[in-house]
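Structure, as structure tokens:
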Amino acid sequence: MSSDNGPGDGGAEGPPPEQLALIRESVRGADVPRAKPRTWRGAALAKDRPVARVLVDKGVLHLDRYFDYAVPEELDADAQPGVRVRVRFGAGRHRVRDGRREGGGLIDGYLIERRDESDYSGPLAALAQVVSPEPVLGEELLGLARAVADRYAGSLADVLQLAVPPRSARAEKRASPEPLPAPPAPDAGTWARYEHGPAFLAALASGAAPRAVWNALPGPEWSEEIARAVAATLASGRGALVVVPDGRTAARVDAGLTGLLGKGHHALLTADAGPEKRYAQWLAVRRGSVRAVVGTRAAMFAPVRDLGLVAIWDDGDDSHSEQHAPQPHARDVLLLRASLDKCAFLVGGWSCTVEAAQLVESGWARPLTAGRDQVRRTAPLVRTVGDTDLARDEAARAARLPSLAWQAVREGLKTGPVLVQVPRRGYVPRLACAQCRAPARCAHCAGPLQAQDAGALRCEWCGREEHSWHCPECGGFRLRAQVVGARRTAEELGRAFPAVPVRTSGREHVLDTVPDAPALVVSTPGAEPVAEGGYAAALLLDGWAMLGRPDLRSGEDALRRWIGAAALVRPQGDGGTVVVVAEPTLRPVQALVRWDPVGFAVRELAERAELGFPPVSRMAAVSGTPEAVAEFLAAVESPPDAEVLGPVPLPPTLPGRPRRPGAPPPGEQWERALIRVPPGSGSALAAALKTAQAARMARGSGEPVRVRIDPPDIG
DNA sequence: AGCACGCCGACT
DNA sequence: GTCGGCGTGCTC
């Protein structure tokens, strides 16, 4: 991206077009002279630059290739770079009618560029239609889409489908408002609580491009702090983009911005708005009449003008991972934007992901953290209840809840609402050491172990059987499956306090806020309502369920969810208390007690580096029928340092159940292989996978293979 | 993916 | 000669 005259700009390869035509004719035999391009003769063409380079929007077939079309004179004015066009495409029934060549069906595309001549030797078809003169695909967005496609071994057309919303003629007709003048730079506000907070804001306001990993203090101030960062960027005359996990969170940042700057400076891009409104907002951004954007993951591509800052909140939330091909992650897309546009970058959250820690460790970003005294002032008191406590506690066994937890709830309800976090249904219980609860992992590749029907253990990654498992942490040799059933506990809890209202927040009904009055608020992770004066206490139940998941991220995820709930609780000084039912010796539990998510992420990063896990290594998942996967693996020219794990059978998709990306269609038996490469070989691997996939597609050889880079959910 | 092209054997 | 089988390769 730093090269002066980037690769692949087409100029350097092969002989000029006239020569190509000659070569082709001599091969075919001079006695069959090729007709002159009929469209060039038959219809009047644009006088200036009569060739349009078009990206045909047809999935994955013609990976990242452009096709040239002739520009008829009547489309000359509208056929500008970036507009949507319709063209005939396909080898279908070519006819010549009225001197025009027709064939194939009409399909959509984007006009990439106007040129003097084509390097294609055959006759060019004419553009059929300019759908609208609105230039939706600018140079920067195209560059970003191409970088994302390369990074994820996907096609440009797939990425553009994510990046450019469908057209609405009515939205295009509406005039976008005049842009407001840049606001004045805000004061530091609560950023003053962070060591380099005011300096970070000042750098944004001065037009610089600082990059930071921000560990936010608990409490509600974060949304206003993001708003200040945006305002500082606007003050420098540049635009800003903020990506958050869900609509609720977007609404909070929106409120923060409105409070600081009023309306008109920013747009809210979320799925809740209908397609037409959404496109209108997107256009207002693209046209430059709105300089700042807050939105959910689709907003990661928002065409903000003169981008000065990209920011992402809570990057560990899995809704930052796009569900459609090629499944880019918002954090990675924003990282690409920061490098391509040389703008500032901010990743923030109450917790800290391993990926964010890596940005600091590698020196790419600076930490933006508060001192320990600030943390102590804002965080609640965290207490733990482990197995040994439970065993000693008779009352606990009867009621399934330890007395420390009862006590915290009872005390809390005297002064305000109490939050009870229960795990979501539907997680798969997996195997862990019966003694210390460390997840059972393969001795060879450290993948998760699963019990087979016969009772033997098998690795889900490399397929090896494990016959002599013992726990590397404590030496134990007995396994246990993780347990379920916290919702019942919450119900019992509700019955135990009959005078207090019980409110629930979960997937179906997500509460936004609860009033500052005694109430039991039962919620699944991520759906916790904000309590207006902060919760008096929180109870985090069934830590085992969270820690027992076989995911690489189970520890990180559990900590993130606990901290996400605990950050809504009043500071320790105001009596705020959190009780977590989990073994106090476990690392995520200790990190919660000490309120040290960054230290946890840094240690986790070191461990993953040692085990060869992402994000230190890059992984790709290849899934399909056994034959298809085997064929594909044989065809990929992976970098020499690549290591193939598996393939192993994937669990079948049950009929009627939603199908996750990379999972087999119902009724089919698929396998999955993992390919991992050390740092530095990631782009080579992506390129090799893309080439192999393209070759496979072109051959049209039978069954599909799904390729996924950095899948977020590997064992 | 479609869809034409082309090279081969069996037919009016 | 000419019809039509399907294997191969292209789509501006």
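Below, chains carry the letters A, B, ... as their sequence lines are ordered, and counting in each starts from 1. Quick caveat: nothing in here was measured; it's all calculated off a predicted structure. Only heavy atoms go into these numbers, but all of them, side chains included; no hydrogens, no water, no symmetry mates.
Here dC10(C) presents its P atom at 22 Å from OH of Tyr66(A), a figure rounded to the nearest Å. Taking atom CG on Leu55(A) and atom C1' on dT11(C), their separation rounds to 14 Å, with Å as the unit. Atom CZ of Phe89(A) is separated from atom C1' of dC3(B) by 12 Å (rounded to the nearest Å). In this structure, Asp68(A) places its CG atom 17 Å from P of dC10(C), rounding to the nearest Å. Residue Ile107(A) contributes atom CD1, which lies 9 Å from atom C1' of dT11(C) at whole-angstrom precision. Between Arg49(A) atom CZ and dC12(C) atom P the separation is 23 Å, expressed in whole Å. The CG-C1' distance, from Leu111(A) to dC12(C), rounds to 13 Å in whole Å. In this structure, the CZ atom of Arg65(A) is 8 Å from the C1' atom of dC12(C), given to the nearest Å.
Every residue two or more places apart in sequence or in another chain was checked for a salt bridge (charged side-chain N to carboxylate O under 4.0 Å, His left out) with Asp246(A), and none qualifies.
Between Glu276(A) and Arg174(A) a salt bridge is recorded (basic side-chain N to carboxylate O distance below 4.0 Å).
Stacking of the aromatic ring of Phe67(A) onto the base of dC12(C) is not found under the criterion of centres within 5.5 Å and planes under 30°.
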Inset, instruction - Starting from the C-alpha separation in whole Å, work towards a yes-or-no answer on side chain to side chain donor-acceptor pair (under 3.5 Å) for Asp332(A) and Tyr152(A). - result: CA-CA 10 Å; Asp332(A) 291 332; Tyr152(A) 285 94; 3.0 Å; yes
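Counting only residues at least two apart or on different chains, the salt bridge (charged side-chain N to carboxylate O under 4.0 Å, His left out) pairs with a member in residues 286-303 of chain A are Glu134(A)-Arg287(A), Arg291(A)-Asp306(A), Arg297(A)-Glu322(A).
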